[in-house]
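Presented below is the structure to which this report refers.
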Amino acid sequence: MKFEAKIKTGKNALRETRIEVLDKAGKFLVQAGELNEIVDAEIIGPGILSLIIEGKSYLVHITEGKNQKSVFLAGREYIFNEGEDAPELIQAGPGKFEGKIKAPMPGSVVKINGKEGDIIAAGQVLIIVEAMKMENEMRAPVEVRIDKIMVREKEQVEGMQVLMEVSEVEKK
Amino acid sequence: MKFEAKIKTGKNALRETRIEVLDKAGKFLVQAGELNEIVDAEIIGPGILSLIIEGKSYLVHITEGKNQKSVFLAGREYIFNEGEDAPELIQAGPGKFEGKIKAPMPGSVVKINGKEGDIIAAGQVLIIVEAMKMENEMRAPVEVRIDKIMVREKEQVEGMQVLMEVSEVEKK
Amino acid sequence: MIKKIFIPNRGEIAVRIIRACRELGIISVAAYSQADRTSLHVQIADEAIEIGPPPALESYLNIENVVKAAKESGADAIHPGYGFLAENKDFAAKCRDNGLIFIGPTPESMELVGDKVASRVTVQAAGVPIIPGMLTPQDNISSIITEAKKIGYPVLVKASMGGGGKGMQIVTEECKLKECIEASKRIAKSAFGDDTVYVEKYIEKPRHVEIQVIADHHGNAVHLFERECSIQRRHQKVIEESPSPAINEDIRRKMGDTAVRVVKETGYTNAGTVEFLLDQNRNFYFLEVNARVQVEHPVTEWVTGIDIVKEQIRIANGEPLSFSQEQIRHVGHAIETRIYAEDPEANFIPSPGRISVLREPVGPGIRVDSGIYEGYIVPSFYDPILSKLIVYDSTREKAIERAYSALSSYLIGGIKTIIPFLLNVLRHPEFRSGNLSTSFIQDYQEELFSYPEEEKIPFAALAAYGIYSSSARGPNTPGLREAGLPGVWDTLGGWKNTE
Amino acid sequence: MIKKIFIPNRGEIAVRIIRACRELGIISVAAYSQADRTSLHVQIADEAIEIGPPPALESYLNIENVVKAAKESGADAIHPGYGFLAENKDFAAKCRDNGLIFIGPTPESMELVGDKVASRVTVQAAGVPIIPGMLTPQDNISSIITEAKKIGYPVLVKASMGGGGKGMQIVTEECKLKECIEASKRIAKSAFGDDTVYVEKYIEKPRHVEIQVIADHHGNAVHLFERECSIQRRHQKVIEESPSPAINEDIRRKMGDTAVRVVKETGYTNAGTVEFLLDQNRNFYFLEVNARVQVEHPVTEWVTGIDIVKEQIRIANGEPLSFSQEQIRHVGHAIETRIYAEDPEANFIPSPGRISVLREPVGPGIRVDSGIYEGYIVPSFYDPILSKLIVYDSTREKAIERAYSALSSYLIGGIKTIIPFLLNVLRHPEFRSGNLSTSFIQDYQEELFSYPEEEKIPFAALAAYGIYSSSARGPNTPGLREAGLPGVWDTLGGWKNTE
């Protein structure tokens with residue numbers, strides 16, 4: 001049995017990966033880029049794999065999120081996006097500014113600067129979210145108008161929850 | 001919501017136990033014998049429960065077997081049988097002699113003394129099973145005839161697997 | 001004799017204190033907020049009692065609730081740990097008023113040393129060198145701004161109560177000061193229940209070297225040598241070690257003597273820490289006294305062989321110190337790394353959540369003080385510290401190798417931790433040479449924050465992802481062996497079956 | 001310089017060696033049988049290579065396979081651990097012939113000390129006291145029976161090669177001897193690949209006290225003081241400690257000197273252990289030399305601060321010992337308890353199987369050398385040792401409290417372990433008083449094997465069972481909170497819904 005997929009690695013590189021199940025239990029033929037190796041893989045716990053490739057031993061942990069998997073290897077995390085198309089690798093870290101201000105982490109809203117309709121200058125604090133005693137200030141990247149505020153002060157929020165919608169103020 | 005069951009504790013004692021789910025999440029009213037307590041219970045891992053009863057904290061681990069559950073508490077194991085009738089507590093340890101010689105543990109058959117039809121004197125070794133470098137000798141409790149041998153030397157066996165059937169030799 | 005100790009704290013330090021109690025045959029009572037019912041300290045304590053809602057102000061910082069619960073539990077003593085109410089003089093007094101032994105200094109000496117401004121005045125009078133800064137507390141923000149102008153920028157804004165760098169900020173120009181003071185006050189209020197702040201001169205590239213002290217109620221006071229805690233981010237210690245690679249026997253003796261003098265001048269009892277800054281010319285300045293057991297106490301425990309938490313309990317029991325200054329030895333080298341639930345690749349933002357997998361390092365010369373377990377959901381209400389890895393070996397070089405090796409095998413899945421960052425620090429040549437300062441992380445940020453490029457995904461990660469995903473077609477998929485585990489194969493990525 | 005070490009072993013000792021390699025910057029290669037693909041040592045080593053089918057004779061004891069795999073891996077040295085081929089002179093010679101550094105003594109000195117009969121002859125000639133017994137090996141069972149008669153019953157039957165009490169049996173009357181010799185031969189063959197056995201006088205209620213020795217290739221030999229290992233069941237050590245509560249400085253020095261004499265007489269190099277029996281009058285008798293790193297080496301590591309495994313590697317590298325006898329200090333008290341997968345309530349029968357839950361103790365003064373992880377399936381092919389808990393504190397009394405506390409929090413679910421039994425030993429008043437002997441377990445079996453009565457099920461166990469079972473009606477059962485875990489509620493006991 002064979003499986004194949006295209007995996008986007010980084011911003012541009014596209015890599016085709018083929019997995020072939022070999023006769024012996026736990027053995028796979030994996031082709032990715034120029035490498036073509038027999039991989040001895042064993043599940044040793046929920047989401048934990050032990051791999052032996054060319055005699056080298058790797059302990060890998062995979063966690064499954066919504067439409068993505070994270071592969072932890074040697075202290076590093078690799079995120080594989082599994083959206084509509086082929087799996088795509090996305091960068092870890094806080095989301096980009098898209099008109100929606102999102103909570104970078106689960107926590108609680110400490111302070112909201114302004115109300116709907118207010119204009120906030122570039123660099124000024126829009127909202128502060130606290131988790132684990134750390135205050136995270138979300139600042140206006142450019143001069144913006146607050147279109148909608150979805151949360152209240154002291155409210156508990158989830159990571160990546162939309163807190164505010166803002167729009168750029170057109171320069172005359 | 002209420003549940004109740006009769007639980008045999010030890011050889012004779014029969015104890016009725018009632019569990020009532022209280023309104024607050026994680027709180028139960030448990031009645032067993034003369035005790036009637038509010039139990040605060042939380043699952044904190046697969047089969048691991050944290051209980052707080054009258055201010056005392058208990059860490060309990062439950063494993064599920066075929067028709068039984070084992071409750072580990074403070075370094076001790078309590079086995080609850082869940083056969084046809086009410087749950088019944090059975091003793092841990094190797095099974096009693098019932099005409100069937102059972103493996104006391106998973107391992108391999110090292111030696112079989114005799115063949116079907118042979119008479120073996122009381123106290124003589126019938127079969128030796130080894131696991132983890134420990135040889136376990138199964139001896140004839142009384143003078144017996146070997147009726148049936150179900151395994152061969154070097155064979156891997158499971159714990160409680162029947163190795164031999166024997167019958168007591170009638171005294172004249 | 002103390003028979004039952006109430007612990008209004010959580011996480012690794014509560015677990016640490018519970019262990020000491022168990023070894024001493026003392027009953028431990030874990031206090032917990034509603035967010036901590038499933039926390040480790042609740043499970044391992046002999047007894048447990050709820051003290052309020054998740055926010056610390058309503059539970060761990062709620063003196064009323066804490067004292068009431070302690071009395072209900074029948075405890076005769078309270079060990080506050082660090083943080084929360086540990087350095088709150090009102091709490092210490094309230095304990096005493098309620099007939100509870102507070103395991104720590106008296107409210108009076110705590111008041112003196114706990115107030116950073118007052119303690120500076122006292123020790124300066126005794127000839128201890130201090131950093132130029134405010135010597136009287138000011139509530140009024142504009143007065144603080146005036147003082148800052150006198151001292152000269154850059155200045156440091158600090159919370160007068162409490163420590164751990166919470167609320168501390170460097171301000172380089174006057175126009176930023178007001179905003180920083182307001183933020184510091186907010187944080188100080190929420191962390192220590194007191195919003196007094198003050199400013200002092202900011203010394204550039206100093207080392208943070210502190211002296212562990214311990215004093216009984218019979219007039220005996222000793223020091224247990226130094227710890228170097230220069231590796232800090234956001235004024236929060238990340239890596240601590242003992243001995244300091246910076247000081248020689250002469251400076252060590254002088255700092256130790258000075259620390260004991262501070263203890264005697266302030267009438268301090270029980271365990272505490274006298275913090276100093278060491279400038280680039282090896283001059284040391286008194287910073288503050290931490291009137292509690294310190295997060296990094298294990299490094300001192302390992303090099304001296306003295307169990308500081310047990311000694312705290314004995315002192316609270318009225319027993320005299322069981323050793324004299326001359327009997328205390330300092331052998332080998334110990335390093336502590338703090339494991340925070342933060343994303344080192346995204347400016348250390350907190351990363352609460354469920355720990356899906358946990359493998360803690362074990363073995364020779366390794367100690368883990370941990371407040372977590374596999375399956376634990378790290379709440380977002382409290383400090384991001386998950387655990388501490390402490391290693392010991394005969395030399396600093398070997399201890400660094402051991403720390404690196406142990407951290408490499410520390411597997412915490414499901415949430416982000418700063419382990420990759422700690423590994424970068426431990427392998428940095430300047431760290432290895434012992435060239436440390438509190439601006440170390442800033443000075444070498446380029447190397448410290450550079451992780452292997454994401455674009456070059458190792459073949460092993462790709463293969464693991466591919467095999468895992470392609471096997472995820474249900475329990476009967478051929479190929480990957482499951483070793484008798486419950487089904488985890490219930491999702492399918494973007495894979496096509498080609499055969 | 002050694003760059004890559006091949007480790008033909010498994011379990012906790014393989015993990016221990018891999019850690020030492022990592023800290024020294026040496027690449028580690030784990031060897032594994034087909035039953036050990038999922039074992040911990042395979043996961044944490046840098047490299048891993050299969051060496052044969054599950055039975056040890058076809059893998060870990062298969063010299064051909066092991067040497068072939070070692071050469072294929074590109075290793076330049078082999079660390080054999082303990083057990084398996086560790087004391088096999090043919091293997092050591094084969095390594096040398098293949099240009100592989102064997103981390104242990106030379107084949108020649110191993111041949112001498114590895115043969116218990118020959119070593120007795122040698123050391124007796126050097127004036128070392130020995131136990132009366134056979135001085136020439138006998139293949140013939142009837143000759144052994146004749147010798148036994150000469151020595152006088154009770155006698156001890158022992159395997160000539162190897163140790164760990166495997167194959168050792170006390171025989172009190174002649175009629176049992178033949179059967180015992182046959183069993184010993186069978187076990188010796190399967191464990192060490194050699195079925196030679198011998199008999200010696202059985203000394204009643206002795207203590208087992210051993211001296212750790214270490215010697216380099218430059219003529220330097222030192223001892224690292226003693227370990228007392230009297231707590232044994234089935235001639236297998238269960239609890240070890242250092243120092244021994246039985247000996248004073250005078251006997252300690254005499255035993256140490258004697259052990260170093262044994263090392264010098266036998267031309268022994270690298271780490272080893274000279275075992276003695278101490279009779280009730282404090283006379284000591286040479287037992288044998290264990291030509292390998294010992295299971296219980298961590299207690300010596302902790303009280304002396306010397307990393308024995310790393311020292312082994314340095315010596316194999318040709319380096320001289322880094323310390324002299326005078327420089328070795330002995331501070332505090334260390335205790336090791338071995339965690340076996342055996343059922344202490346059913347005559348210690350082995351208990352292989354899946355570890356459904358694992359929480360290892362952590363904290364101050366605690367070291368765990370472990371070969372297991374949560375989810376691991378302990379195979380039935382090898383030794384039942386899962387891990388070792390080693391604790392350290394300033395006194396024996398405190399160390400016992402620490403061991404007791406740590407063991408109480410050691411949670412291994414799914415299989416039976418001897419932890420309940422170890423707890424019984426640690427709390428026994430005679431153990432606490434230090435009144436030990438190798439028949440300790442037998443002497444106090446009534447107390448040691450009595451566990452709380454099953455009929456008195458604690459209310460907490462009943463409640464846990466009841467709540468767990470009654471909640472087991474599917475994911476929507478009200479009541480028990482699940483803290484976001486995958487469904488475990490898929491079975492139902494004999495419960496009736498009454499409302």
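In what follows, every chain begins at residue 1, and chains take the letters A, B, ... in the order their sequences are listed. Because the structure is predicted, anything quoted here is derived from the model rather than measured.
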Notebook entry, point to check: Side chain, backbone, both or neither: which part of B/K56 has a heavy atom under 4.5 Å from chain D?
Noted result: neither

Next item on the list: Give a yes/no verdict on a cation-pi contact between B/R18 and B/F28, requiring under 6.0 Å between NZ or CZ and the six-membered ring centre and an angle within 45° of the axis.
Entry: no

Next item on the list: Classify the side-chain pair D/Y82/D/E87 by whether it contains a donor and acceptor separated by less than 3.5 Å.
Entry: no

Next item on the list: Assess the side chains of D/Y404 and D/R427: does a donor N or O sit below 3.5 Å from an acceptor N or O?
Entry: yes

Checklist line | Top of D/P379, D/S356, D/A183 for chain B proximity - count of heavy-atom pairs under 4.5 angstrom | finding: D/S356

Notebook entry, point to check: Using non-hydrogen atoms only, which part of B/L35 is less than 4.5 Å away from chain D: side chain, backbone, both, or neither?
Noted result: both

Margin query: Please classify the contact between D/F348 and chain B as side chain, backbone, both or neither, with a heavy-atom cut-off of under 4.5 Å.
Written below: backbone

Notebook entry, point to check: In terms of heavy-atom proximity below 4.5 Å to chain B, should D/E342 be classed as side chain, backbone, both, or neither?
Noted result: neither

Next item on the list: Against chain B, label D/I385 side chain, backbone, both or neither, depending on which of its atoms sit under 4.5 Å from a heavy atom there.
Entry: neither

Next item on the list: Measure distances from B/E37 to the heavy atoms of chain D and classify the residue's part below 4.5 Å as side chain, backbone, both or neither.
Entry: both

Note to self: If we count only N and O atoms by modelled type, under 3.5 Å, do the side chains of D/Y60 and D/D36 hold a donor and an acceptor together?
What the structure shows: yes

Item checked: Within 6.0 Å of CD1 in B/I38, more than 12 heavy atoms from elsewhere -> no

Note to self: Which atoms of B/V30 are under 4.5 Å from chain D, going by heavy atoms: the side chain, the backbone, both sets, or neither?
What the structure shows: both

Checklist line | Donor-acceptor contact present, side-chain D/E182 to main-chain D/E179, <3.5 Å | finding: no

Checklist line | N-O pairing of D/R186 and B/E135 below 4.0 Å | finding: yes

Notebook entry, point to check: Tell me, side chain or backbone of D/Y382 under 4.5 Å from chain B's heavy atoms, or both, or neither?
Noted result: backbone

